[in-house]
Engineer: 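Submitted below is the structure of interest, expressed as structure tokens.
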Amino acid sequence: MSGDASLPKGYDPVGVERRWYAHWEENGYFKAGSGSVVVGASPASYCIMIPPPNVTGTLHMGHAFQDTLMDALIRQRRMCGERALWQTGTDHAGIATQMVVERQLANEGSSRQQLGREAFLERVWQWKGQSGGSIVQQLRRLGASCDWSREAFTMDAQLSAAVQEVFVRLYEEGLIYRGTRLVNWDPVLHTAVSDLEVVSEEEEGSLWYLRYPLADGEESLIVATTRPETLLGDAAVAVHPDDERYRHLIGRQVLLPLTGRHIPVIADETVKPEFGSGCVKITPAHDFNDHEMGRRHNLPQINIFTVDATLNDAVPTAYRGLDRHVARQRVVADLEAQGLLVKVVAHRLMIPRGDRSKAVVEPYLTDQWFVRAAPLAAEAIRAVEDGRVNFVPDSWKKTYFEWMLNIQDWCISRQIWWGHRIPAWYGPDGRVFVCRDEAQARQQARSHYGEECPLIQDPDVLDTWFSSALWPFSTLGWPQQTPELTAFYPTDVLVTGFDIIFFWVARMIMMGLKFTGQVPFRTVYITGLVRDGEGHKMSKSKGNVLDPLDLIDGIDLESLVQKRTRDMMQPQLAQRIEAATRKEFPQGIPAFGTDALRFTMASLATQGRDIKFDLGRMEGYRNFCNKLWNAARFVLMNTEGRACGQGVQTPSRSVADRWILSRLQQTIRSVDGAFAKYRFDEAATTLYHFLWGDFCDWYLEWVKPVLYGHEGGEEAQVACRQTLLHVLETALRLLHPLMPFITEELWQKVAPLSRQGRCTASLMLAPWPHVEEGLLDPDAESRLHFVQEVVGAVRTMRSETGIPPGQKLALLVAGDVTLLDRLFRRHQALILPLARLDSWQVLEGEAPSGCATAVLPQVRLFIPLQGVIDLDAESARLGRELVRLEGELQRVRGKLANPGFLANAKADVVTKERHKEAEFQEKWQGTSDALQRIQSIRRLP
RNA sequence: GGGCGGGUAGCUCAGCCGGGAGAGCAUUGGCCUUACAAGCCGAGGGUCGCAGGUUCGAGCCCUGUCCCGCCCACCA
């Protein structure tokens, strides 16, 4: 050992991560403008808005994925010298948060109604105070370098003011209106929800065929329905005007069973004669289609439900107060008893459910506030059409257009308490005053009524997404024209999932354009969903959820099982989940560290598809961290306390030094390009292969003889140490956006030794590397490529012919003399140790018998090993190689014999093929010679 | 019903402007070689879903088709 290693033998992320994150945050490095300053230039601004997580939520894999990418972008641009702001914050998540607190109250035997509005809101704020910090703490564990000093919350005073301002202005322009409309009603949450918050899924149901007698005479008709209970609210029966079967009934009255009401038979083009019986019962107050038809035919809207979706007083007494499901059974039973149930057929249908409550949503007539969306959408469509906003991948803009072109008015009022109260006040006569605050409303009311009148504020709050839509400018201080708004708006990239393109992305574009005249962001990077290893969506009920923090810190099996089976909505699933978990993670999950998680996320971030989270890959990248750690350890062991050429401008670099520096430039170029096109996977694999392959496997091995003093002199050592430090230091900078912690830890030790020294207090603030054209060295690259081929060929020969690895060998080389001199003799110091050869010499005359043979372009290699070599193995190997080469030759020659190819292919392609032909031919010849020699030996007794 | 994405090695995925099929993991043979066994050095493994077409040449472009996934849509 060369002295004390200054680093432990393995990388242990735990302490490193906590220490550096605290250090960065305490020193204000996350604040916009903290990055390395480009002298003489006023820095460009760069801004990313975080999709604010739910304030009471917890971090999941989707966050880990997206936030890793955002942080990588921000860190990279910060290092590029830009004034980079990652605006962070949380969302009040109206319904979701209210539900959590209501559940708590239910457990205490209380309810929000018992508490009253004010006390309930106090309770929610209290809960927000308790749990609201956890997700931002978890975000910190990911290494997220957001500007915490600007952390925002959608219900902060300033953001709330923006919400009111937007509401009032839209109202004044007639883009917000109030009206009685059929909306999606969640009977469990007692609130309207928007179309987007309703998820329809196919479920098993029935189609009931019911007989409705005509009011006059003996005739009857049969309707088919999936919702027999709504019969009680029927206003008509509709048939197709051309339907011969029913034409004579049009205009006559039907006696609606169970109610005694008379309803008309009407004709409407939208009725499909082939479905069911061809007769449709029309319930204008409880079905969107029927509602439309009811408007066309002036039918009464008979609301039969209460807010709980129990039957109200509009139905016969027998059914009042019944739940809609009970009512269905009762209605069907009563009809059957009266002989009016014709048949019941199994029928699959789409059932709409609230995305939060999972309750079946009811179309329900209520007074609600709406945003007139179409006028806002028009400009938002143009912004994407003309490229002011780009989608990555581009194909998502189709999805965007599709929705925007068919956009419906947006129901923005919610009958819940947690959220932004609608700034509307009602006078005694119901007149509405929409104002920025109550005082203003009073003033207006006074001038209208001529005296002080009691005003009542609208009890509803706004859809959470209303405030989210303003996030890109409300967080920057709008409606004030703040310096931040000027500097950072429009923002640069939005990183988010496809699942909220409609909920959020589209609405931000509409609101941004409307209120700032500019797009909110120039690029939308759409990520896929993080799925489990089998490609299933992660969900609590499936028990396949991975917590990013468990991947970082590790978790033992028992805790994991407990975590996955705790608080199950369906406890019967717990057993299966437990078994599956024990099978998949028999040892629990080891601690991989944040950097490994981030690197995995980056390398899985291929565009345009969901990602299946592969734990094996994560393990590989954990190993990569360790590899990097040990490479740095090696470099430090061989540089600390020695001459490393700090002041030396033009060291006498070896070809290996020049080679790795050249490879480094290529890597910088490639990583730059990858970041520019959001190919995080490409950036990750490029760095992985440069560090593990070029740097560790080759360069470190090549320099060992120099460092150990076996090869070259003091000057060579200095140049080599300087190169080692420079390359590692630069690579750490390149890797930092993806792996912030380990790179900082190592950089702090490596950078001070490097030629330029540690230029900034933290790697976070260090300048992003740029390509030094002068260090590109094609000559060194091609020569060492040859060396790699020779070393590889010898290693293969050894391994395949069973030569003991410890056995030193003498190599015979045949080929052009000047070539051998140029490529072989001059680089023997790079070849012999890696190939574990102790000598080599140029072969004079015939190759000796009993040789392992390798054929490279223009060079043949022989290892004479009388008695040791496995002739059968070598012969088989050569045979395989010959077959391969013959195949290649055939293909290339076929091409070159084709006049069409020669006539049409580009000249350089033809030249390339000719080279290939020559090369294959030569290899074939050499291999064939070798095989013959072996076979001639085997024929000997 | 409309739209989108995907199908490449056992698994998870790259594959650029059409020009010699790649990586990681897994498998397998050999190594405790003084940074790293979370390591080192080798090897095997693919009818690029299928069928046509364009082209001198197709994993890549076109047409059709099958399978998987997702999104949107009011069929009672």
Side-chain angles (χ1 to χ4, degrees), chain A residues 1-2 5 7 9-11 200 207 223-227 230 238 270-272 275-283 287-292 347 349-350 363 393 395-396 398-399 402-403 406 498-499 501-502 528-529 531 533 535 590 603-604 606 608-638 679 681-682 685 688-689 696-697 700-701 704 708 791-792 795-800 802-806 833-834 836 877 888 891-892 894-895 898-906 908-910 912-913 916 920:
Chain A
M1 281 297 272
S2 49
L7 295 175
K9 204 169 169 177
Y11 173 54
S200 292
L207 193 57
V223 298
T225 181
T226 54
R227 301 207 52 193
T230 62
T270 60
V271 177
K272 299 222 160 70
F275 187 91
S277 62
C279 298
V280 197
K281 59 191 269 323
I282 302 302
T283 320
D287 182 281
F288 289 101
N289 289 317
D290 293 4
H291 188 73
E292 279 309 303
H347 181 66
L349 73 166
M350 299 295 274
S395 56
W396 285 109
K398 272 200 162 172
T399 308
E402 189 193 329
W403 188 67
N406 299 298
F498 61 84
D499 49 332
I501 289 179
F502 306 144
L529 218 62
R531 298 169 174 279
S603 59
L604 292 176
T606 58
R609 65 155 93 191
D610 288 350
I611 63 178
K612 295 186 200 172
F613 191 79
D614 183 359
L615 210 64
R617 223 155 135 176
M618 176 136 172
E619 193 178 337
Y621 295 131
R622 188 266 320 257
N623 296 351
F624 176 57
C625 291
N626 198 52
K627 185 76 180 177
L628 175 64
W629 182 263
N630 278 288
R633 207 170 140 244
F634 174 82
V635 171
L636 290 170
M637 280 165 67
N638 288 286
R679 289 303 304 260
D681 57 328
E682 222 174 281
T685 44
Y688 182 95
H689 286 117
C696 291
D697 291 345
L700 294 189
E701 295 304 323
K704 278 176 182 173
Y708 299 157
V791 170
R795 284 169 171 173
T796 305
M797 282 191 280
R798 295 186 86 111
S799 181
E800 299 231 319
I803 300 166
L834 270 69
R836 313 205 98 222
R877 183 179 75 87
E888 300 279 17
R891 196 181 43 74
V892 175
K895 253 187 186 183
N898 181 344
F901 174 70
L902 297 175
N904 296 314
K906 279 177 281 181
D908 60 319
V909 173
V910 178
K912 218 169 126 192
E913 292 296 319
K916 275 190 237 166
F920 288 135

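All figures in this text were calculated on a predicted structure; none of them were measured in a lab. Just so it is clear: chains get the letters A, B, ... in the order the sequence lines come, proteins before strands, and each one is counted from 1.
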Engineer: Counting only Watson-Crick pairs (N1-N3 plus N6-O4 or O6-N4) and G-U wobbles (N1-O2, O6-N3), all under 3.5 Å, who is the partner of B/rG59?
Structural biologist: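 Looking at the geometry, B/rG59 pairs with no nucleotide.
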Engineer: Of all the choices, B/rG15, B/rG42, B/rC36, which nucleotide is nearest to the side chain of A/R679 once you look at every atom?
Structural biologist: B/rG15
Engineer: My understanding is that only residues two or more places apart in sequence, or in another chain, count here; which of them pass ring pair (Phe, Tyr, Trp, His ring centres under 6.0 Å) with A/Y11?
Structural biologist: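 Expected list: A/W629.
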Engineer: Do A/H291 and A/P363 make a side-chain contact, defined as non-hydrogen atoms from C-beta onward lying under 4.5 Å apart?
Structural biologist: no
Engineer: So does A/E682 get a backbone contact from the side chain of A/T685, meaning a donor-acceptor N/O pair under 3.5 Å?
Structural biologist: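 Checking the backbone N and O of A/E682 against the side chain of A/T685, a donor-acceptor pair under 3.5 Å is found.
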Engineer: In whole angstrom, give me the gap between the C1' atoms of B/rG10 and B/rG30.
Structural biologist: 23 Å
Engineer: Among B/rA35, B/rU33, B/rG42, which nucleotide sits nearest the side chain of A/C696?
Structural biologist: B/rA35
Engineer: Which base sits across from B/rG5 as a Watson-Crick or G-U pair, both distances under 3.5 Å?
Structural biologist: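 Its partner is B/rC68.
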Engineer: With C1' as the reference atom in both, quote the distance from B/rA26 to B/rG46 in angstrom, rounded to an integer.
Structural biologist: 16 Å
Engineer: Sticking with atom C1', work out how far B/rA35 lies from B/rG24, rounded to a whole angstrom.
Structural biologist: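 Their C1' atoms lie roughly 22 Å apart.
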Engineer: Identify, between A/K704 and A/T606, the residue whose nearest nucleotide on RNA chain B lies closer to the 5' end.
Structural biologist: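 It is A/T606, whose closest nucleotide lies nearer the 5' terminus.
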Engineer: Looking only at atom C1', what distance separates B/rG19 and B/rA58, rounded to whole Å?
Structural biologist: 10 Å
Engineer: Could you grab the distance from atom CE of A/M350 to atom OG1 of A/T226, nearest 0.5 Å is fine?
Structural biologist: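 A/M350 CE to A/T226 OG1: 13.0 Å, rounded to 0.5 Å.
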Engineer: Is it the case that the side chain of A/R798 and the backbone of A/R836 share a donor-acceptor pair, with hydrogens and angles ignored and the cut-off at 3.5 Å?
Structural biologist: yes
Engineer: Which whole-number value in Å describes the distance from A/E800 CD to B/rC41 C1'?
Structural biologist: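 That distance rounds to 12 Å.
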Engineer: In whole angstrom, give me the gap between the P atoms of B/rC25 and B/rG7.
Structural biologist: 23 Å
Engineer: Within the structure provided, determine whether A/R795 and A/L834 are in side-chain contact (heavy-atom separation under 4.5 Å).
Structural biologist: yes
Engineer: How far does CG of A/D610 sit from CG of A/L604, to the nearest 0.5 angstrom?
Structural biologist: 12.0 Å
Engineer: Going by side chain to side chain donor-acceptor pair (under 3.5 Å), name the residues that satisfy it together with A/R609, two or more places apart in sequence or in a different chain.
Structural biologist: none
Engineer: Picking from B/rG42, B/rU12, B/rG39, which would you name as closest to the side chain of A/R795?
Structural biologist: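 The closest nucleotide is B/rG42.
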Engineer: Quick check for you: to the nearest 0.5 Å, what is the distance between A/I282 atom CD1 and A/T225 atom OG1?
Structural biologist: 10.0 Å
Engineer: Using the C1' atom as the reference point in each nucleotide, state the distance between B/rG15 and B/rA9 in Å, no decimals.
Structural biologist: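 Here B/rG15 and B/rA9 have their C1' atoms 14 Å from each other.
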Engineer: Judged by atom type as modelled, is there a donor-acceptor pair below 3.5 Å linking the side chain of A/N898 to the main-chain atoms of A/G894?
Structural biologist: no
Engineer: Considering only atom P, compute the distance from B/rG2 to B/rG44 and round it to an integer number of Å.
Structural biologist: 49 Å
Engineer: Could you list, one pair per line, each protein nitrogen or oxygen that sits under 3.5 Å from a nitrogen or oxygen of nucleotides 2-4 of chain B, together with the distance?
Structural biologist:
| unit_1 | atom_1 | unit_2 | atom_2 | d |
| --- | --- | --- | --- | --- |
| B/rC4 | OP1 | A/K398 | NZ | 2.8 |

Engineer: Using a cutoff of under 3.5 Å, can you pull out all pairs of nitrogen or oxygen atoms linking the protein to nucleotides 74-76 of chain B, with atom names and distances?
Structural biologist:
| unit_1 | atom_1 | unit_2 | atom_2 | d |
| --- | --- | --- | --- | --- |
| B/rC74 | O2' | A/N289 | ND2 | 2.6 |
| B/rC74 | N1 | A/N289 | OD1 | 3.0 |
| B/rC74 | O2 | A/N289 | OD1 | 2.6 |
| B/rC74 | O2 | A/N289 | ND2 | 3.1 |
| B/rC75 | O2 | A/K272 | NZ | 3.1 |
| B/rA76 | O2' | A/A224 | O | 3.0 |
| B/rA76 | N6 | A/K272 | O | 2.5 |
| B/rA76 | N6 | A/F275 | O | 3.3 |
| B/rA76 | N1 | A/K272 | N | 3.1 |

Engineer: How would you label the contact of A/I282 with the nucleic acid (heavy atoms, under 4.0 Å): base, sugar-phosphate, or nothing?
Structural biologist: nothing
Engineer: P atom, B/rU8 versus B/rA14: distance in rounded Å?
Structural biologist: 11 Å
Engineer: Tell me: CE of A/M618 to P of B/rC13, nearest whole Å?
Structural biologist: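 Taking CE of A/M618 and P of B/rC13, I get 17 Å after rounding.
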Engineer: What heavy-atom pair brings A/K9 and A/N630 nearest, and what distance separates the two atoms?
Structural biologist: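 Looks like O-OD1, 3.1 Å.
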Engineer: Do any N or O atoms of the protein come closer than 3.5 Å to N or O atoms of nucleotides 23-26 of chain B, and which pairs are they?
Structural biologist:
| unit_1 | atom_1 | unit_2 | atom_2 | d |
| --- | --- | --- | --- | --- |
| B/rA23 | O2' | A/H689 | NE2 | 3.4 |

Engineer: Show each protein N/O and nucleotides 56-59 of chain B N/O combination with a separation under 3.5 Å, one pair to a line.
Structural biologist:
| unit_1 | atom_1 | unit_2 | atom_2 | d |
| --- | --- | --- | --- | --- |
| B/rC56 | OP1 | A/N904 | ND2 | 3.3 |
| B/rC56 | O2' | A/N898 | ND2 | 2.4 |

Engineer: Paired with B/rA23 by Watson-Crick or G-U wobble geometry, both distances under 3.5 Å: which nucleotide is it?
Structural biologist: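 B/rU12 - that is the nucleotide pairing with B/rA23, both distances being under 3.5 Å.
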Engineer: Parallel, tilted or perpendicular: which fits the ring planes of A/W396 and A/F498, with parallel below 30° and perpendicular above 60°?
Structural biologist: parallel
Engineer: Between B/rC70, B/rA14, B/rA35, spot the one nearest the side chain of A/Y708, thanks.
Structural biologist: B/rA35
Engineer: At what distance, to the nearest 0.5 angstrom, does CD of A/E913 lie from CG of A/D908?
Structural biologist: 10.5 Å
Engineer: Stepwise, does the side chain to side chain contact (heavy atoms under 4.5 Å, CB included) test hold for A/K627 with A/Y688?
Structural biologist: CA-CA 10 Å; A/K627 185 76 180 177; A/Y688 182 95; over 6 Å; no
Engineer: Output the distance between atom NZ (A/K916) and atom CZ (A/R891), rounded to the nearest 0.5 Å.
Structural biologist: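 Result: 5.5 Å between the selected atoms.
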Engineer: Whole angstrom is fine here: how far is it from CG in A/L700 over to P in B/rU34?
Structural biologist: 15 Å
Engineer: Within this structure, what is the CD-to-P distance between A/E888 and B/rA21, rounded to whole angstrom?
Structural biologist: 7 Å
Engineer: Can you find a donor-acceptor N/O pair under 3.5 angstrom joining the side chain of A/K9 to the base of B/rC36?
Structural biologist: no
Engineer: For A/E402, is there any backbone N or O sitting under 3.5 Å from a side-chain donor or acceptor partner on A/N406?
Structural biologist: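 Pair found, side chain donor or acceptor close to backbone of A/E402.
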Engineer: Could you let me know what B/rG39 is paired to, Watson-Crick or G-U wobble, both distances under 3.5 Å, or none if it's on its own?
Structural biologist: B/rC31
Engineer: Does B/rA14 have its OP1 or OP2 closer than 4.0 Å to a side-chain nitrogen or oxygen of A/R609?
Structural biologist: yes
Engineer: Once you apply a heavy-atom cut-off of 4.0 Å, does A/K916 come out as touching a base, just sugar-phosphate, or nothing?
Structural biologist: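 Base, at least one base heavy atom under 4.0 Å.
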